[in-house]
Student: 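Structure provided below as structure tokens; questions to follow.
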Amino acid sequence: MAITKKGLDYYSVYVGKYAQRGFRYIRRDFGSVGIDVWYSLMDMVYSNEGYYLPYSDADREDICWDIAQRIFGKDAPAPELIREMIAGFVTRGMLDDAMFAKGILTSREIQEQYYLGTLKRKSVTVV
């Protein structure tokens, strides 16, 4: 029986990512911890379904709490601030606003990374 893997083991980060407009605004509004939240969120997206993360009302608290547990130390953000940051990612175009309204965190870039990361697989299940 073949093992079916949903998520990715790794993903690429584009050179110049930190210079993108959305990242500049996030750093301005939330400091560098906003970038930590972004990459923690991407880790959750890519390691779970691979190209999206459910973010319905029922999921939000758990996701924000999980991110808060991943980022610890003196500048660790509270789950409420993480929720605000995720909304900021949507506002800044880093996440798709139409899908966010449906309770899903994704973007074109996330889906392209998933596609590229699964090219060598013999079978990929997309729901």
Side-chain angles (χ1 to χ4, degrees):
M1 174 177 224
I3 297 173
T4 303
K5 181 168 177 56
K6 287 183 178 181
L8 300 177
D9 293 326
Y10 60 90
Y11 62 97
S12 299
V13 177
Y14 295 111
V15 173
K17 185 78 170 169
Y18 284 87
Q20 287 180 343
R21 183 175 299 173
F23 268 67
R24 289 194 323 257
Y25 286 127
I26 293 302
R27 272 199 322 268
R28 181 196 69 194
D29 294 345
F30 301 109
S32 293
V33 73
I35 304 303
D36 288 341
V37 169
W38 172 259
Y39 282 115
S40 293
L41 183 62
M42 292 303 97
D43 186 60
M44 292 173 68
V45 169
Y46 289 123
S47 66
N48 288 297
E49 297 298 328
Y51 59 98
Y52 75 95
L53 188 66
Y55 196 67
S56 67
D57 291 337
D59 301 312
R60 282 191 179 118
E61 185 175 336
D62 288 339
I63 288 170
C64 293
W65 181 255
D66 190 19
I67 292 172
Q69 295 302 303
R70 291 168 185 244
I71 303 171
F72 55 90
K74 70 178 186 109
D75 295 326
E80 298 78 25
L81 180 58
I82 293 170
R83 187 175 304 120
E84 185 180 333
M85 288 179 188
I86 292 172
F89 299 154
V90 175
T91 302
R92 301 295 186 231
M94 298 165 71
L95 294 169
D96 185 271
D97 58 344
M99 296 304 288
F100 179 76
K102 294 178 181 180
I104 296 171
L105 298 178
T106 192
S107 70
R108 181 181 181 107
E109 182 179 327
I110 290 169
Q111 293 178 15
E112 287 172 354
Q113 283 295 326
Y114 179 75
Y115 173 76
L116 293 172
T118 59
L119 280 176
K120 294 182 180 178
R121 291 188 184 170
K122 300 214 185 294
S123 69
V124 176
T125 303
V126 178
V127 291

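As the structure is a computational prediction, the values presented were derived from the model and not from experiment.
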Student: Name all residues meeting the side-chain hydrogen bond (donor to acceptor under 3.5 Å, both in side chains) criterion together with R27; count only those two or more places apart in sequence or in a different chain, and write none if there are none.
Tutor: none

Student: Working to the nearest 0.5 Å, report the span between OG of S40 and CD1 of I71.
Tutor: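 Result: 4.0 Å between the selected atoms.
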
Student: I'd like to know whether F100 forms a side chain to side chain contact (heavy atoms under 4.5 Å, CB included) with L95, so could you lay out the CA-CA distance, the side-chain angles of the two residues, the decisive distance to 0.1 Å, and finally the verdict.
Tutor: CA-CA 7 Å; F100 179 76; L95 294 169; 5.7 Å; no

Student: Decide whether Y51 and V90 are clustered together by the hydrophobic rule: side chain heavy atoms of Ile, Leu, Val, Met, Phe, Trp, Tyr closer than 4.5 Å, transitively.
Tutor: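 Yes; tracing contacts between hydrophobic side chains, which count when under 4.5 Å, links both residues.
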
Student: Are M99 and V45 grouped together when hydrophobic residues (ILVMFWY) are joined by side-chain heavy atoms under 4.5 angstrom apart?
Tutor: yes

Student: For D62, which residues count as a side-chain hydrogen bond (donor to acceptor under 3.5 Å, both in side chains) partner, sequence neighbours excluded?
Tutor: none

Student: Can you name the one residue among L53, D66, I82, D36 that meets side chain to side chain contact (heavy atoms under 4.5 Å, CB included) with L41?
Tutor: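 Only one of L53, D66, I82, D36 forms a side chain to side chain contact (heavy atoms under 4.5 Å, CB included) with L41, namely L53.
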
Student: Take L105 and F89 through the side chain to side chain contact (heavy atoms under 4.5 Å, CB included) test and state the conclusion after the steps.
Tutor: CA-CA 10 Å; L105 298 178; F89 299 154; over 6 Å; no

Student: Could you tell me the separation between the CZ atom of R92 and the CG atom of D97, rounded to the nearest 0.5 Å?
Tutor: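 Nearest 0.5 Å value for the CZ-CG distance: 13.5 Å.
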
Student: What I'd like to find out is whether the side chain of C64 reaches to under 4.5 Å of the side chain of I86, using heavy atoms alone.
Tutor: yes

Student: Does Y114 have R108 sitting over its ring (NZ/CZ under 6.0 Å from centre, angle to axis within 45°)?
Tutor: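 Relative to the ring axis of Y114, which defines the angle, R108 lies outside at least one limit.
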
Student: Rounded at 0.5 Å granularity, tell me how far CZ in R83 sits from CD in E61.
Tutor: 7.0 Å

Student: Determine whether W65 and I63 fall in the same hydrophobic cluster, where Ile, Leu, Val, Met, Phe, Trp and Tyr are linked whenever their side-chain heavy atoms lie under 4.5 Å apart.
Tutor: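 No, it is not one cluster - the side chains of W65 and I63 are not joined through contacts under 4.5 Å.
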
Student: List the steps and the verdict of side chain to side chain contact (heavy atoms under 4.5 Å, CB included) for L81 and F30.
Tutor: CA-CA 9 Å; L81 180 58; F30 301 109; 3.8 Å; yes

Student: Yes or no on side chain to side chain contact (heavy atoms under 4.5 Å, CB included) for T106 and Q111, after CA distance, side-chain angles and deciding distance?
Tutor: CA-CA 7 Å; T106 192; Q111 293 178 15; 3.1 Å; yes

Student: Could you measure the distance from the CG atom of D96 to the NZ atom of K102? Nearest 0.5 Å is fine.
Tutor: 9.0 Å

Student: Is Y25 reachable from Y39 through a run of I, L, V, M, F, W or Y residues, each pair having side-chain heavy atoms under 4.5 Å apart?
Tutor: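 Hydrophobic grouping puts Y39 apart from Y25.
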
Student: In terms of relative ring orientation, are W38 and F23 parallel, tilted or perpendicular, with 30° and 60° separating the classes?
Tutor: perpendicular

Student: Side chains of V33 and M85: does their closest heavy-atom pair fall under 4.5 Å?
Tutor: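 Touching, per the 4.5 Å side-chain cut-off.
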
Student: Could you report the tightest heavy-atom contact between A76 and F72, atom names first, then the distance?
Tutor: CB-CA, 3.8 Å

Student: To the nearest 0.5 Å, what is the distance between CE (M42) and CD (E109)?
Tutor: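 M42 CE to E109 CD: 8.5 Å, rounded to 0.5 Å.
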
Student: Looking only at heavy atoms, which two atoms of S107 and I110 are closest? And how far apart?
Tutor: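 It is OG-N, 3.1 Å.
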
Student: Salt bridge between D43 and R70, side-chain N to carboxylate O under 4.0 Å?
Tutor: yes

Student: Mind listing the closest non-hydrogen atom pair of P79 and A68 along with its distance?
Tutor: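 Distance-wise, the nearest heavy atoms are CG-CB, 4.1 Å.
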
